[in-house]
Enquirer: 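Got a structure for you, questions after.
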2 protein chains.
Amino acid sequence: MASSTDRSTEPSVSDAVGDPVEPRWLDEDQQRSWRQYLEGTARFVEALGHDHDVHSAVSLGEYELLVRLSESPGRSVRMSVLADGLAQSRSRVTHTVHRMERRGLVRRTADADDRRGVHCVMTQQGYDLLVASAPAHVAAVRRLMVDVLTPEQLRVLGESMAAISEVCKHDHVL
Amino acid sequence: MASSTDRSTEPSVSDAVGDPVEPRWLDEDQQRSWRQYLEGTARFVEALGHDHDVHSAVSLGEYELLVRLSESPGRSVRMSVLADGLAQSRSRVTHTVHRMERRGLVRRTADADDRRGVHCVMTQQGYDLLVASAPAHVAAVRRLMVDVLTPEQLRVLGESMAAISEVCKHDHVL
DNA sequence: TCAAGCTCGTTGAAGATTCAACTTCATGCG
DNA sequence: CGCATGAAGTTGAATCTTCAACGAGCTTGA
């Protein structure tokens with residue numbers, strides 16, 4: 001073993017003739033790209049989160065949640081829709097919303113049709129906080145990503161991650 | 001406020017004539033790419049982590065740490081080098097190594113030259129676990145990313161994230 | 001109608017991460 | 001030398017996330 005996601009010349013572990021047992025290691029280019037993605041994403045999320053700590057009263061995750069609410073009619077979104085949209089577990093959203101509710105940024109209301117349902121509603125205070133946070137957020141996203149890449153790079157990045165997103169969505173069920 | 005990182009047609013918040021006060025919102029393409037990145041990465045990390053839960057005795061983070069150790073002469077790396085390489089805080093590495101040490105995957109030894117230094121050394125048990133985990137890890141990275149993209153897409157993804165990584169490295173200091 | 005099986009959302013405990021404070025040691029400079 | 005500064009790691013508390021279990025309500029089909 002010498003490299004993370006490992007070399008194409010790795011000796012067979014199983015010596016099996018069949019294929020499913022013998023992993024297809026990554027070649028050098030694939031390896032490099034994969035590691036660049038991993039490190040880049042780690043540093044990016046870290047830097048953007050840090051920026052929120054400094055310039056904003058909401059974390060990146062809370063900001064994203066507020067954005068979803070702001071885009072929805074009535075500034076109200078069902079918990080399950082929030083969870084799906086943010087690609088987070090229901091439990092996580094429950095906890096986050098609970099904390100934000102304590103701070104007066106959101107409220108929870110019952111769903112009239114489905115009595116299991118709960119809506120998360122943004123308060124005026126939450127809206128004001130979103131508006132106040134937006135400029136620094138956009139500036140950071142620009143500085144750390146959008147303005148760093150060429151339009152072409154940014155486009156490919158988005159398309160690639162969208163494709164991965166689809167695969168992961170289905171994979172996750174398995 | 002209608003969209004996350006916000007629309008180019010957003011009315012001015014400050015109405016100022018100058019530039020630093022007026023944020024440059026993202027245009028539609030930029031916005032889409034940014035969101036695709038955010039959602040794709042969330043789902044990808046989630047799916048890959050889940051895969052480790054199922055197929056491996058180490059989490060993704062622990063796996064990455066073991067990989068670094070396996071690549072280093074003597075299977076030994078200084079804590080600070082680990083932290084830098086993994087783009088994690090020193091504190092986080094300390095805690096992770098502590099947990100892995102309890103499980104017998106690594107040991108800690110003093111640095112001979114710098115008496116502040118501590119080396120993290122992989123045990124045979126840690127190495128065996130890495131070898132056992134590698135095939136499933138590679139398979140998942142392929143299934144969820146490498147095999148999903150064209151070689152060209154993967155290359156651009158890597159290059160883009162490397163550029164972002166550099167910017168974040170310097171930005172983080174500020 | 002009723003039961004089985006699903007979705008929705010919550011809960012609390014366990015686990016992981018962050019943050020600030022602290023100890024120890026190295027280094028540079030007057 | 002002697003002090004200031006800063007780097008390396010650790011610690012413990014606060015915070016956040018995950019996980020499994022649960023209560024409640026919808027839905028389907030016999």
Side-chain angles (χ1 to χ4, degrees), chain A residues 41-43 45-54 56-65 76-103 105-121 172-173, chain B residues 41-43 45-54 56-65 76-103 105-121 172-173:
Chain A
T41 290
R43 290 201 197 280
V45 172
E46 155 74 19
L48 187 57
H50 185 258
D51 196 271
H52 270 261
D53 288 348
V54 172
S56 168
V58 280
S59 69
L60 176 57
E62 292 168 334
Y63 181 88
E64 292 296 326
L65 198 151
S76 169
V77 179
R78 258 187 86 149
M79 296 294 282
S80 54
V81 175
L82 274 178
D84 291 351
L86 297 171
Q88 293 182 357
S89 71
R90 289 159 197 277
S91 177
R92 181 171 174 182
V93 172
T94 293
H95 285 301
T96 302
V97 165
H98 179 71
R99 289 190 293 265
M100 294 175 76
E101 197 170 26
R102 271 197 322 225
R103 295 207 274 149
L105 303 177
V106 299
R107 272 195 327 275
R108 272 186 278 206
T109 66
D111 184 312
D113 302 328
D114 185 341
R115 291 199 296 169
R116 297 168 302 178
V118 173
H119 282 261
C120 179
V121 189
H172 187 282
V173 182
Chain B
T41 291
R43 291 200 196 281
V45 172
E46 156 74 17
L48 187 55
H50 182 67
D51 197 271
H52 269 262
D53 288 348
V54 172
S56 168
V58 281
S59 70
L60 176 58
E62 293 167 334
Y63 181 88
E64 292 296 326
L65 198 150
S76 169
V77 179
R78 259 186 84 149
M79 297 294 283
S80 54
V81 175
L82 275 177
D84 291 350
L86 297 171
Q88 294 183 356
S89 71
R90 293 165 195 281
S91 176
R92 181 170 171 182
V93 173
T94 294
H95 286 301
T96 301
V97 165
H98 177 72
R99 288 189 294 267
M100 294 176 75
E101 195 169 26
R102 272 197 321 225
R103 296 207 274 148
L105 304 177
V106 300
R107 273 194 326 276
R108 272 188 276 207
T109 65
D111 184 313
D113 303 328
D114 186 340
R115 289 199 298 170
R116 297 169 301 182
V118 173
H119 281 262
C120 179
V121 188
H172 188 282
V173 182

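Bear in mind that the values here come from a model prediction, so they are computed numbers and not experimental data. Convention: sequence-line order gives letters A, B, ...; per-chain numbering from 1.
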Enquirer: Name the atoms and distances for all side-chain donor-acceptor pairs under 3.5 Å in residues 107-121 of chain A, with sequence neighbours left out.
Expert:
from, atom 1, to, atom 2, distance (Å)
Arg108(A), NE, Glu101(A), OE1, 3.1
Arg108(A), NH2, Glu101(A), OE1, 3.0
Asp111(A), OD1, Asp113(A), N, 2.7
Asp111(A), OD1, Asp114(A), N, 3.1
Asp111(A), OD2, Arg78(A), NH1, 3.4
Asp111(A), OD2, His119(A), NE2, 3.1
Asp114(A), OD1, Arg116(A), N, 2.9
Asp114(A), OD1, Arg116(A), NE, 3.1
Asp114(A), OD2, Arg116(A), NE, 3.4
Asp114(A), OD2, Arg116(A), NH2, 2.8
His119(A), ND1, Ser76(A), OG, 3.2

Enquirer: Assign each of His98(A) and Asp53(A) to its nearest nucleotide of DNA chain C by heavy atoms, then name whichever residue's nucleotide is nearer the 5' end.
Expert: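 Mapping each residue to its closest nucleotide by heavy atoms, the 5'-most match is His98(A).
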Enquirer: Show the nearest heavy-atom pair for residues Asp84(B) and Arg43(A), with the distance to one decimal.
Expert: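 What the structure gives for the nearest pair is O-NH2, 3.1 Å.
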Enquirer: Roughly, in whole Å, what's the span from OH in Tyr63(B) to P in dA16(C)?
Expert: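 Taking OH of Tyr63(B) and P of dA16(C), I get 19 Å after rounding.
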Enquirer: dG25(D) C1' sits how many Å from Arg78(A) CZ, rounded?
Expert: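 Computing the Arg78(A):CZ to dG25(D):C1' distance gives 11 Å.
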Enquirer: Determine: side-chain N/O of Arg90(B) to OP1/OP2 of dT18(C), distance under 4.0 Å, yes or no.
Expert: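 No, outside the criterion.
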Enquirer: Just the rounded figure in Å: distance from C1' of dG9(C) to CD of Glu101(A).
Expert: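 Going from Glu101(A) (CD) to dG9(C) (C1'), I get 13 Å.
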Enquirer: How many angstroms lie between CD in Glu64(A) and CG in Leu82(A), if you round to the nearest 0.5 Å?
Expert: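 Answer rounded to 0.5 Å: 11.5 Å.
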Enquirer: At what distance, to the nearest 0.5 angstrom, does CZ of Arg99(B) lie from OG of Ser59(B)?
Expert: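 Output value for this atom pair is 8.0 Å.
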Enquirer: Is Arg108(A) close enough to dT10(C) that one of its side-chain N or O atoms is under 4.0 Å from OP1 or OP2 there?
Expert: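 For dT10(C), OP1 or OP2 has a side-chain N or O of Arg108(A) closer than 4.0 Å.
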Enquirer: Which atoms of nucleotides 20-26 of chain C (N or O only) lie under 3.5 Å from a protein N or O atom, and what are those distances?
Expert:
from, atom 1, to, atom 2, distance (Å)
dA26(C), OP1, Arg115(B), N, 3.1

Enquirer: Ignoring backbone atoms, test whether Ser89(B) places a side-chain nitrogen or oxygen under 4.0 Å from the OP1 or OP2 oxygen of dT17(C).
Expert: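 Negative; the distance criterion is not met.
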Enquirer: Name the nucleic acid region contacted by Ser80(A), choosing base, sugar-phosphate or nothing; use a 4.0 angstrom heavy-atom cut-off, strictly under.
Expert: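 Since only primed, P, OP1 and OP2 atoms lie under 4.0 Å of Ser80(A), the category is sugar-phosphate.
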Enquirer: Check salt bridge (Lys or Arg N to Asp or Glu O under 4.0 Å) between Arg103(A) and all other residues, then give those that pass, not counting sequence neighbours.
Expert: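 For Arg103(A), the residues satisfying salt bridge (Lys or Arg N to Asp or Glu O under 4.0 Å) (neighbours in sequence not counted) are Glu62(A).
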Enquirer: List for me each residue that meets side chain to side chain contact (heavy atoms under 4.5 Å, CB included) alongside Ala42(B), sequence neighbours excluded, and say none if there are none.
Expert: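 For Ala42(B), the residues satisfying side chain to side chain contact (heavy atoms under 4.5 Å, CB included) (neighbours in sequence not counted) are Ala87(A).
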Enquirer: Roughly how many Å is it from CG in Leu82(B) to P in dA7(D), rounded to a whole number?
Expert: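 Atom-to-atom, Leu82(B) to dA7(D), this comes out as 19 Å.
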Enquirer: Atom CD of Glu62(B) and atom P of dA16(C): how far apart are they, to the nearest Å?
Expert: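 The answer, rounded to whole Å, is 7 Å.
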Enquirer: Write down the distance between CG (Leu86(B)) and P (dT17(C)), rounded to a whole number of angstrom.
Expert: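 Spelled out: CG on Leu86(B) to P on dT17(C) is 12 Å.
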Enquirer: For the atom pair CD (Gln88(A)) and OG1 (Thr94(A)), what is the distance rounded to the nearest 0.5 Å?
Expert: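 Between atom CD of Gln88(A) and atom OG1 of Thr94(A) there are 11.0 Å.
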Enquirer: Who pairs with Ser56(A) by side-chain hydrogen bond (donor to acceptor under 3.5 Å, both in side chains), at least two apart in sequence or on another chain?
Expert: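 In terms of side-chain hydrogen bond (donor to acceptor under 3.5 Å, both in side chains), with neighbours along the sequence ignored, Ser56(A) is linked to Ser133(A).
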Enquirer: What is the distance, to the nearest angstrom, from the CD atom on Glu46(B) to the C1' atom on dC19(D)?
Expert: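 So the CD-C1' distance, Glu46(B) to dC19(D), works out to 12 Å.
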Enquirer: Distance check needed: dG25(D) P versus Met79(A) CE, whole Å only.
Expert: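 It works out to 17 Å between those atoms.
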Enquirer: Please write out the pairs of protein N or O atoms and N or O atoms of nucleotides 13-15 of chain D separated by less than 3.5 Å, giving the distance to one decimal.
Expert:
none

Enquirer: Evaluate the side-chain proximity of Leu105(A) to Leu65(A): yes if any heavy-atom separation is below 4.5 Å, no if none is.
Expert: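 In short, these two side chains do not touch, never coming nearer than 4.5 Å.
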